[in-house]
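Each residue takes its place number in the sequence, starting with 1.
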Amino acid sequence: MSYQPVPTVRRRRLGSTLRKLRTEAGMTLDAAADALNAAANGSSDARRWTAPKLSRIENANATIRTTEVETLLRAYAVTDPGTRIALEGLAKDAGKRGWWQTYRGVVGPAYADYISLESDAESVRDYASLVVPGLLQTADYARETIAANAVARTASEVDALAEVRLARQAVLTRSCHPLRLWAVIHEAALRRRFTGRPDIMAAQLKRLLDVADWPTVTLQVMPIDAAPNPGDAGAFTLVAFPGPMPDVVTQENLRGPTYVEGVDDVNVFADAFGHIADRALSTDATKALIAGLV
């Protein structure tokens with residue numbers, strides 16, 4: 001299986017944010033290059049800025065050093081320290097290898113990109129229509145659902161993918177800024193049964209009851225008799241980041257996740273999630289429903 005480096009997604013986020021900041025500063029690529037060269041003032045260690053170079057950075061086709069990020073932000077009159085820290089962190093980590101690369105034989109580039117996004121994220125909003133979100137799955141539930149959707153995988157590959165799914169859950173309990181998760185799960189997903197293995201769903205429901213009390217998790221159920229709502233169009237995940245980086249939407253299919261990254265398009269999903277959450281049961285009613293299914 002061919003494999004492309006995971007950091008591409010970090011460069012893409014960094015580039016798109018730098019493009020947004022340049023545009024907000026009212027500067028063309030040529031004007032930005034001129035301003036950067038003027039600011040360098042003949043410094044011996046300054047690399048000459050050009051419009052093509054800036055374009056390659058913004059389109060994630062070139063790397064950028066943290067010192068260059070700082071130079072760009074000064075040229076764009078961006079003084080917020082949070083923005084500087086976030087963008088310099090992205091530049092620094094662009095070549096960083098994640099734990100998931102150990103599984104590159106089974107984790108494809110698109111999935112690796114998603115894990116990278118999730119590991120950098122501040123919060124996730126997840127609407128799950130037929131399957132419990134991966135961040136909340138038990139080991140047996142993960143293995144069974146992966147095997148069902150990866151029919152061409154060997155048993156050892158299914159086990160490896162299940163390990164990856166469980167390892168991802170560490171973002172919920174990390175000591176520094178644990179991920180905030182808001183999940184809305186359709187009741188139909190909770191009423192599914194595994195033939196011959198009723199213990200799998202029972203354990204999964206108990207797991208949901210446990211995490212529902214975590215301070216960083218908001219859990220709701222979309223009742224099966226709910227009125228039509230945007231969730232009828234299918235499952236999706238909204239991933240949000242600290243600082244100025246734009247949110248990203250992912251949608252899962254048999255070939256892996258696909259991404260929505262344009263601000264206007266992402267806002268459509270953010271609005272949809274708000275309507276979905278409004279139609280779903282309250283957190284207390286959710287726990288009562290799940291308890292009744294165990």
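By the rule that hydrophobic residues join a cluster once side-chain heavy atoms approach within less than 4.5 Å of another member, L130 and L208 end up as members of one cluster. Both Y127 and W182 are members of a single hydrophobic cluster when ILVMFWY side chains are connected at heavy-atom separations under 4.5 Å. By the rule that hydrophobic residues join a cluster once side-chain heavy atoms approach within less than 4.5 Å of another member, F241 and V124 end up as members of one cluster. By the rule that hydrophobic residues join a cluster once side-chain heavy atoms approach within less than 4.5 Å of another member, L209 and W214 end up as members of one cluster. A continuous path of hydrophobic side-chain contacts links V211 to L190 [ILVMFWY only; heavy atoms under 4.5 Å].
Checked by atom type and distance alone, the side chain of R19 pairs as donor or acceptor with a backbone atom of E58 at under 3.5 Å. Checking side-chain atoms of R74 against main-chain N and O of T79 turns up no donor-acceptor pair under 3.5 Å. With hydrogens and angles ignored, the 3.5 Å screen pairs no side-chain donor or acceptor of R191 with any backbone N or O of A188. At least one donor-acceptor pair under 3.5 Å links the side chain of R153 to the backbone N or O of V106. Under a 3.5 Å cut-off, the side chain of R174 and the backbone N or O of H177 do form a donor-acceptor pair. Judged by distance alone, the side chain of E187 and the main-chain N or O of P223 form no donor-acceptor pair under 3.5 Å. A distance-only check finds a donor-acceptor pair linking the side chain of T71 to the backbone of T67 [under 3.5 Å]. In this structure, N37 contributes its side chain and W49 its backbone to a donor-acceptor pair below 3.5 Å.
R165 has its side chain within reach of T145: a pair of non-hydrogen atoms, C-beta onward, lies under 4.5 Å apart. Here the side chains of W99 and I115 are in contact, with some heavy-atom distance below 4.5 Å. Side-chain atoms of L87 and V78, non-hydrogen and from C-beta on, never get closer than 4.5 Å to each other. In this structure, the side chains of V249 and V239 stay at 4.5 Å or more apart for every pair of heavy atoms. Contact check for F273 versus L238: side-chain heavy atoms found under the 4.5 Å cut-off. Looking at V184 and L219, their side chains never come closer than 4.5 Å, going by heavy atoms from C-beta outward. Between Y259 and Q251, the closest side-chain pair of non-hydrogen atoms is not below 4.5 Å. No side-chain heavy atom of E252 sits less than 4.5 Å from a side-chain heavy atom of Y114.
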side-chain contact (heavy atoms from CB on, under 4.5 Å) between L18 and I57, worked out
CA-CA 8 Å; L18 290 173; I57 291 170; 4.0 Å; yes
Exercise for the section: Check the pair I64, L72 against side-chain contact (heavy atoms from CB on, under 4.5 Å), reporting the backbone distance first and the verdict last. Expected result: CA-CA 10 Å; I64 181 172; L72 283 173; 3.4 Å; yes
Let me see the working for E68 and K53 under salt bridge (charged side-chain N to carboxylate O under 4.0 Å, His left out), right down to the final yes or no.
CA-CA 12 Å; E68 291 177 317; K53 174 184 173 178; 3.3 Å; yes
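The closest side-chain donor-acceptor pair between E24 and Y76, if any, does not fall under 3.5 angstrom.
Within 6.0 Å of atom CZ in R193, more than 12 heavy atoms from other residues, nucleotides or ligands are found, so the atom counts as buried in its surroundings. Open room surrounds CZ on R192; 12 or fewer heavy atoms of other groups in view lie less than 6.0 Å from it.
T138 and R207 get closest at one heavy-atom pair: CG2-CB, 3.7 Å. The minimum heavy-atom distance between L136 and Q204, with the atom names listed, is O-NE2, 2.9 Å. Closest of all the heavy-atom pairs between P246 and S16 is CG-OG, 4.2 Å. A35 approaches M27 most closely through the heavy-atom pair CB-CE, 3.7 Å. Residues M222 and A226 approach most closely at SD-CB, 3.5 Å, considering heavy atoms. Among all heavy-atom pairs drawn from L172 and T216, the shortest one is O-OG1, 4.1 Å.
Electrostatic pairing of R65 and E88 does not count as a salt bridge here, judged by no charged N lying under 4.0 Å from a carboxylate O. In this structure, R125 pairs ionically with D247, as a charged nitrogen and a carboxylate oxygen lie closer than 4.0 Å. The pair E70-R84 does not count as a salt bridge, with every side-chain nitrogen at least 4.0 angstrom from each carboxylate oxygen.
Aromatic ring centres of W100 and Y111: separated by at least 6.0 Å.
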Let me have the donor-acceptor pairs involving side chains of residues 280-294, under 3.5 Å, with sequence neighbours excluded, atom names and distances please.
{"residue": "S282", "atom": "OG", "partner": "A285", "partner atom": "N", "Å": "3.1"}
{"residue": "T286", "atom": "OG1", "partner": "V221", "partner atom": "N", "Å": "2.9"}
{"residue": "T286", "atom": "OG1", "partner": "S282", "partner atom": "O", "Å": "2.8"}
{"residue": "K287", "atom": "NZ", "partner": "D213", "partner atom": "OD1", "Å": "3.0"}

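To the nearest 0.5 Å, atom CG of residue D159 and atom CD1 of residue I146 are 9.0 Å apart. Rounding to the nearest 0.5 angstrom, the gap separating the CG atom in L29 from the CG atom in D34 is 11.0 Å. R168 CZ to Q137 CD: the interatomic distance, rounded to the nearest 0.5 Å, is 8.0 Å. With rounding to the nearest 0.5 angstrom, the CE atom of M201 is 12.5 Å from the CG atom of D140. Interatomic distance, D30 CG to T50 OG1, rounded to the nearest 0.5 Å: 9.0 Å. Atom CD1 of I276 and atom CG of N229 lie 6.0 Å apart (nearest 0.5 Å).
Relative orientation of the F269 and F236 rings is perpendicular, given thresholds of 30° and 60° on the angle between their planes.
Every residue two or more places apart in sequence or in another chain that forms a ring-ring contact (aromatic ring centres under 6.0 Å, His included) with Y141 is listed here: F194.
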